[in-house]
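Have a look at the structure below before the remarks.
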Amino acid sequence: MRLHDEAGFSLIEIMIGIFLFSLIGTGLVSVLFSVARGTETTARNVRVSEEARLGLNRMVRDVREAGWVQLANSNPAATHDSFTVKIDYDGDGAFTNPAAGTAQGSYEIVTYTYDAGADRITLTAPGVGTETIVQGVDCVRDAAAACKSNVFSFTSNRLEYDGNADGVTTLPEIDAAPCPPLSVTTLDVACSNGVLVDAELATITSLNVAVRLSAGGGSTDYYAEAQMRNRR
């Protein structure tokens, strides 16, 4: 009587199968972890970006509503990384901030500062304190890693002071306005003395913001222009 061969797997075939299954399983697990990490990173970047935009939008809102602006540095050619605005949100004719420890509401005297060392923009309200409104902030840089422009820049819609006729009136051009300029009141008593006085600051109508926001290894360039509605 003949015995028929019984089909089956040899030990070597079983070991090869287990090895291949392990490779495939490891690859799948790696892909799943990679997708999970990517999703987490994306969510974190979106969250940071949204928080940054909220902070920047708050600053833009305050500038748009402001009727008064003061720069920390009176040199028209300086890099102006800090400025103060006053906004009469409650319409009482006075500029006041809520006392520390009380309901915050809308600050009416606010100083915004770009802190390059800490890569952040802060808000300071007298009597209340300082808070960070945007983190991971840098200037917008070119291919050579040089800043294309200042984080904050200020311009005026008074094109009669646009000395180089490029359509943008800058702080140095405001300071260099002739004395008296055209048919308006003299802006600078000393005539182009390199110091911005209140009458010159009163011609500022726009804040321009150019920042690079970084988070989780990624970055986004953000540009905004805030026109002071009460000066247009």
Side-chain angles (χ1 to χ4, degrees), residues 50-74 76 78-98 103-114 121-128 130-134 137 139-140 149-163 165-177 181-188 196-211 213 221-232:
E50 286 301 317
E51 291 174 353
R53 289 180 184 277
L54 286 174
L56 290 169
N57 287 341
R58 178 180 182 178
M59 179 177 65
V60 168
R61 180 205 66 170
D62 283 345
V63 173
R64 284 176 175 168
E65 299 298 329
W68 184 95
V69 62
Q70 180 70 45
L71 302 182
N73 193 325
S74 63
T79 298
H80 301 281
D81 287 338
S82 183
F83 65 95
T84 301
V85 291
K86 292 183 179 180
I87 318 103
D88 187 12
Y89 277 124
D90 56 15
D92 64 353
F95 301 108
T96 56
N97 287 330
Q104 297 304 303
S106 294
Y107 302 131
E108 294 192 336
I109 305 174
V110 184
T111 298
Y112 288 100
T113 302
Y114 167 54
I121 294 176
T122 62
L123 175 157
T124 301
V128 179
T130 298
E131 62 180 285
T132 297
I133 62 168
V134 187
V137 180
C139 63
V140 177
S149 63
N150 295 327
V151 169
F152 301 146
S153 60
F154 301 84
T155 56
S156 172
N157 61 7
R158 302 291 293 272
L159 295 181
E160 64 266 35
Y161 306 149
D162 182 16
D166 65 349
V168 178
T169 302
T170 63
L171 294 180
E173 289 175 326
I174 291 174
D175 182 65
L182 301 182
S183 59
V184 299
T185 303
T186 300
L187 291 183
D188 195 330
L196 291 168
V197 296
D198 288 343
E200 291 171 326
L201 293 172
T203 68
I204 294 175
T205 54
S206 295
L207 161 70
N208 305 284
V209 182
V211 295
L213 305 176
D221 293 343
Y222 179 95
Y223 299 90
E225 179 183 7
Q227 294 186 337
M228 299 176 67
R229 296 170 178 169
N230 294 329
R231 290 192 174 183
R232 294 175 60 186

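In terms of heavy-atom proximity, Ser82 sits nearest to Phe152 at N-CD1, 4.4 Å. The two residues Leu159 and Gly167 come nearest to each other via the heavy atoms CD2-O, 3.7 Å. Smallest separation of non-hydrogen atoms from Tyr161 and Glu173: O-CB, 3.4 Å. Among all heavy-atom pairs drawn from Ala66 and Val85, the shortest one is CB-CB, 3.7 Å.
The CD1 atom of Ile174 sits 3.0 Å away from the OG1 atom of Thr203 when rounded to the nearest 0.5 Å. The distance from atom OG1 of Thr113 to atom CD1 of Ile133, rounded to the nearest 0.5 Å, is 9.5 Å. Separation of atoms CD (Gln70) and CG (Leu196) is listed at 9.0 Å; rounding is to 0.5 Å. In this structure, CZ on Arg158 lies 9.5 Å from OG1 on Thr205, to the nearest 0.5 angstrom. With values rounded to the nearest 0.5 angstrom, Thr96 atom OG1 is found 11.0 Å from Lys86 atom NZ. Atom CG of Asp92 is separated from atom CD of Glu108 by 6.0 Å, given to the nearest 0.5 angstrom.
No side-chain heavy atom of Thr122 sits less than 4.5 Å from a side-chain heavy atom of Val134. Side-chain contact between Asn157 and Gln227 is absent, with no heavy-atom pair separated by less than 4.5 Å. Leu71 is listed as a side-chain neighbour of Leu171, based on a closest heavy-atom distance under 4.5 Å. Using a 4.5 Å heavy-atom threshold, the side chains of Leu207 and Val209 count as touching. The side-chain heavy atoms of Asn150 and Cys139, taken from C-beta on, include no pair separated by under 4.5 Å. A 4.5 Å side-chain heavy-atom check between Tyr223 and Val211 finds every atom pair outside the cut-off. In this structure, Tyr107 and Arg58 have side chains that are in contact, with non-hydrogen atoms separated by less than 4.5 Å. Side-chain contact between Glu200 and Asp175 is present, with heavy atoms from C-beta onward closer than 4.5 Å.
In terms of modelled atom types and a separation under 3.5 Å, the side chain of Asp198 and the main chain of Ala202 share no donor-acceptor contact.
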So Trp68 and Met228, side-chain contact (heavy atoms from CB on, under 4.5 Å) or not? Walk me through it. CA-CA 9 Å; Trp68 184 95; Met228 299 176 67; over 6 Å; no

Tell me, with the steps shown, if Ile121 and Leu56 meet side-chain contact (heavy atoms from CB on, under 4.5 Å). CA-CA 9 Å; Ile121 294 176; Leu56 290 169; 3.9 Å; yes

Test side-chain contact (heavy atoms from CB on, under 4.5 Å) on Phe95 and Ile87; report intermediate values, then the result. CA-CA 7 Å; Phe95 301 108; Ile87 318 103; 5.6 Å; no

Checking Asp62 against Tyr89 for the side-chain hydrogen bond (donor to acceptor under 3.5 Å, both in side chains) test, could you report, in this order, the C-alpha distance in whole Å, the side-chain angles of both residues, the deciding distance, and whether it holds? CA-CA 10 Å; Asp62 283 345; Tyr89 277 124; 2.5 Å; yes

Step by step, would you call Val110 with Leu123 a side-chain contact (heavy atoms from CB on, under 4.5 Å)? CA-CA 7 Å; Val110 184; Leu123 175 157; 3.5 Å; yes

Is there a side-chain hydrogen bond (donor to acceptor under 3.5 Å, both in side chains) between Thr130 and Thr124 once you walk through the steps? CA-CA 4 Å; Thr130 298; Thr124 301; 2.8 Å; yes

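Under the 4.0 Å criterion applied to side-chain N and carboxylate O atoms, Arg229 and Glu65 are assigned as salt-bridge partners.
Take Thr155 and apply the side chain to side chain contact (heavy atoms under 4.5 Å, CB included) test, not counting sequence neighbours, and it matches Val168, Ser206, Asn208. Residues passing the side chain to side chain contact (heavy atoms under 4.5 Å, CB included) test with Ala78 are Asn73, Asn75, His80, sequence neighbours excluded. By the salt bridge (Lys or Arg N to Asp or Glu O under 4.0 Å) test, Asp88 pairs with no residue at all, sequence neighbours left out.
Thr111 and Thr84 form a side-chain donor-acceptor contact under 3.5 Å, judged by distance and modelled atom types alone.
Between Phe83 and Phe154, the distance separating the two ring centers is shorter than 6.0 angstrom.
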